[in-house]
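Everything on this sheet refers to the single structure shown next.
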Amino acid sequence: MNSPRLIRSCLLTTLSVGLLAAAAVAPAHAERPAETAAAVTFSDTFDGPAGSGVDGAKWQLETGDNVNNHERQYYTPGTDNAKLDGQGNLVIEARRENPGNYQCWYGSCEYTSARLNTSGKFTATYGRVEARMKIPRGQGIWPAFWMLGQDIGQVGWPNSGEIDIMENVGFEPSTVHGTIHGPGYSGSGGIGAGYTLPNGEAFADAFHTFAVDWAPDKITWSVDGNVYQTRTPADLNGNQWVFDKPFFLILNLAVGGYWPGDPDGSTTFPQQLVVDEVKVTTSD
């Protein structure tokens, strides 16, 4: 994917780490390799009473806006826009509202949403990183499941590295993207590919599992077990591979921005990113 998006990582208010925030493509329906014995190192199935917040031992919420991407939402704290539904799901909801009189880079904020990460609570170095989710729909809607290098506070972005496991922009209801960003291949120069559902199906119509299988010098993306892309240092045109170190997880639902464009008259609110499970496993 060569999206025109810039770094999404400018939300610093709840982070102690200081967030700054088509080659080698496998056949679209190739089965991923058989797994060896694996150990689960992180799992959240979002069980709990309806209306309760996420597990604070696993996640923290970031707050604020994001001028770098010209996104329109304000990420709120607590359970305002991210809560359990009582049926084993986390619901991240984007709404057209501003009850807290939040101020954004463009003036009074027009939308609220939520963004969660595991920085300081959980990191992974290699393994299978996956989430089963049902994504929202609509022009200007931008859900993502991704990772950043835990050293971002020391080395900055893009030297920290970024692995986008799943991104969707509302004007492409049938397609998701997987991308890596690093020094010399960031922003619009990110290296990746898209996966499109057959027969005009929309990702918002059902739950799907988005995953990367991550090993030294190799990252492979899949949707529902169908591998669609593998990247190695050979894809970087001589630039540095920065993916052999700890990364933390991020879930967010953005509204507007350079890549998806802003909502228009066809966009309805609220929109929900419904997350059934997030899991990380490592092979023995």
Side-chain angles (χ1 to χ4, degrees), residues 1 28-32 35 38 40 42-55 58-59 79 81-95 113-118 124 127-139 141-147 163-179 193-214 220-229 249-255 260 267-281:
M1 172 190 69
H29 293 281
E31 293 297 324
R32 65 181 174 85
E35 293 183 11
V40 176
F42 180 92
S43 176
D44 199 337
T45 54
F46 303 106
D47 297 315
S52 58
V54 292
D55 186 345
K58 297 177 179 179
W59 303 95
T79 58
N81 294 77
K83 65 186 71 175
L84 307 186
D85 68 358
Q87 301 176 39
N89 300 306
L90 165 66
V91 178
I92 300 175
E93 186 168 89
R95 298 195 287 265
S113 190
R115 171 164 152 166
L116 299 78
N117 72 65
T118 67
R128 179 173 173 83
V129 184
E130 61 186 302
R132 183 175 184 266
M133 304 185 292
K134 185 177 181 181
I135 69 171
R137 69 178 80 233
Q139 168 58 38
I141 304 300
W142 186 6
F145 174 46
W146 50 300
M147 297 189 286
I163 303 171
D164 298 326
I165 303 168
M166 186 287 302
E167 291 184 282
N168 169 264
V169 285
F171 59 80
E172 294 181 329
S174 300
T175 300
V176 294
H177 297 265
T179 314
Y195 176 87
T196 301
L197 289 171
N199 305 316
E201 298 173 34
F203 274 101
D205 290 336
F207 282 89
H208 295 272
T209 298
F210 308 96
V212 293
D213 287 283
W214 173 26
T220 298
W221 284 256
S222 63
V223 175
D224 299 328
N226 300 312
V227 170
Y228 69 96
Q229 171 182 213
L249 313 180
I250 305 168
L251 283 166
N252 74 285
L253 176 54
V255 179
T267 312
T268 60
F269 287 92
Q271 287 293 328
Q272 296 181 338
L273 173 60
V274 183
V275 187
D276 173 59
E277 182 180 21
V278 175
K279 184 169 65 174
V280 180
T281 55

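Quick note: numbers below take in every heavy atom, side chains included, and nothing from hydrogens, waters or symmetry partners.
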Atom [atom1] of [X] and atom [atom2] of [Y]: how far apart are they, to the nearest 0.5 Å?
X	Y	atom1	atom2	answer
T281	R128	OG1	CZ	6.5 Å
N89	K83	CG	NZ	14.5 Å
S113	L253	OG	CG	4.0 Å
T45	R132	OG1	CZ	12.0 Å
I165	W146	CD1	CH2	11.0 Å

Under 4.5 Å between any side-chain heavy atoms of [X] and [Y], yes or no?
X	Y	value
L90	L116	yes
I141	P260	no
V223	Y228	yes
V278	L251	yes
R115	I250	yes
Q272	P136	no
V280	L249	yes
F145	E167	no

Using every non-hydrogen atom in the two residues, find where [X] and [Y] come nearest and quote the distance to one decimal.
X	Y	answer
G48	S52	C-OG, 4.1 Å
L84	D47	CD1-O, 3.7 Å
W221	I163	CZ2-CG2, 4.3 Å
P143	I135	CG-CB, 4.1 Å
N168	M166	N-SD, 3.8 Å
G194	H177	CA-ND1, 4.0 Å

Test side chain to side chain contact (heavy atoms under 4.5 Å, CB included) on F46 and D55; report intermediate values, then the result. CA-CA 8 Å; F46 303 106; D55 186 345; over 6 Å; no
Checking [X] side chain against [Y] main chain: does a donor-acceptor pair fall under 3.5 Å?
X	Y	answer
T267	Q139	yes
K58	S43	yes
N81	E93	yes
Q229	A193	yes
W142	N252	no

Does a donor on one side chain sit under 3.5 Å from an acceptor on the other, for W59 and D44?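 A pair is found: one side chain offers a donor N or O, the other an acceptor, under 3.5 Å apart.
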Are side-chain N/O atoms of T196 and T175 paired as donor and acceptor at under 3.5 Å?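 Looking only at side-chain atoms, T175 and T196 do form a donor-acceptor pair, the distance falling under 3.5 Å.
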Taking only residues two or more places apart in sequence, or in another chain, which ones meet E277 in a salt bridge (Lys or Arg N to Asp or Glu O under 4.0 Å)?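 In terms of salt bridge (Lys or Arg N to Asp or Glu O under 4.0 Å), with neighbours along the sequence ignored, E277 is linked to no residue.
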Could you go step by step and tell me if F269 and V255 meet the side chain to side chain contact (heavy atoms under 4.5 Å, CB included) rule? CA-CA 11 Å; F269 287 92; V255 179; 4.1 Å; yes
Verdict with supporting geometry, V275 and L273, side chain to side chain contact (heavy atoms under 4.5 Å, CB included): CA-CA 6 Å; V275 187; L273 173 60; 4.1 Å; yes
Quick one: side chains of residues 201-211, donor-acceptor pairs under 3.5 Å with protein atoms, not counting sequence neighbours, listed by atom name and distance.
residue : atom : partner : partner atom : Å
D205    : OD1  : R137    : NH2          : 2.6
H208    : ND1  : D224    : OD2          : 2.6

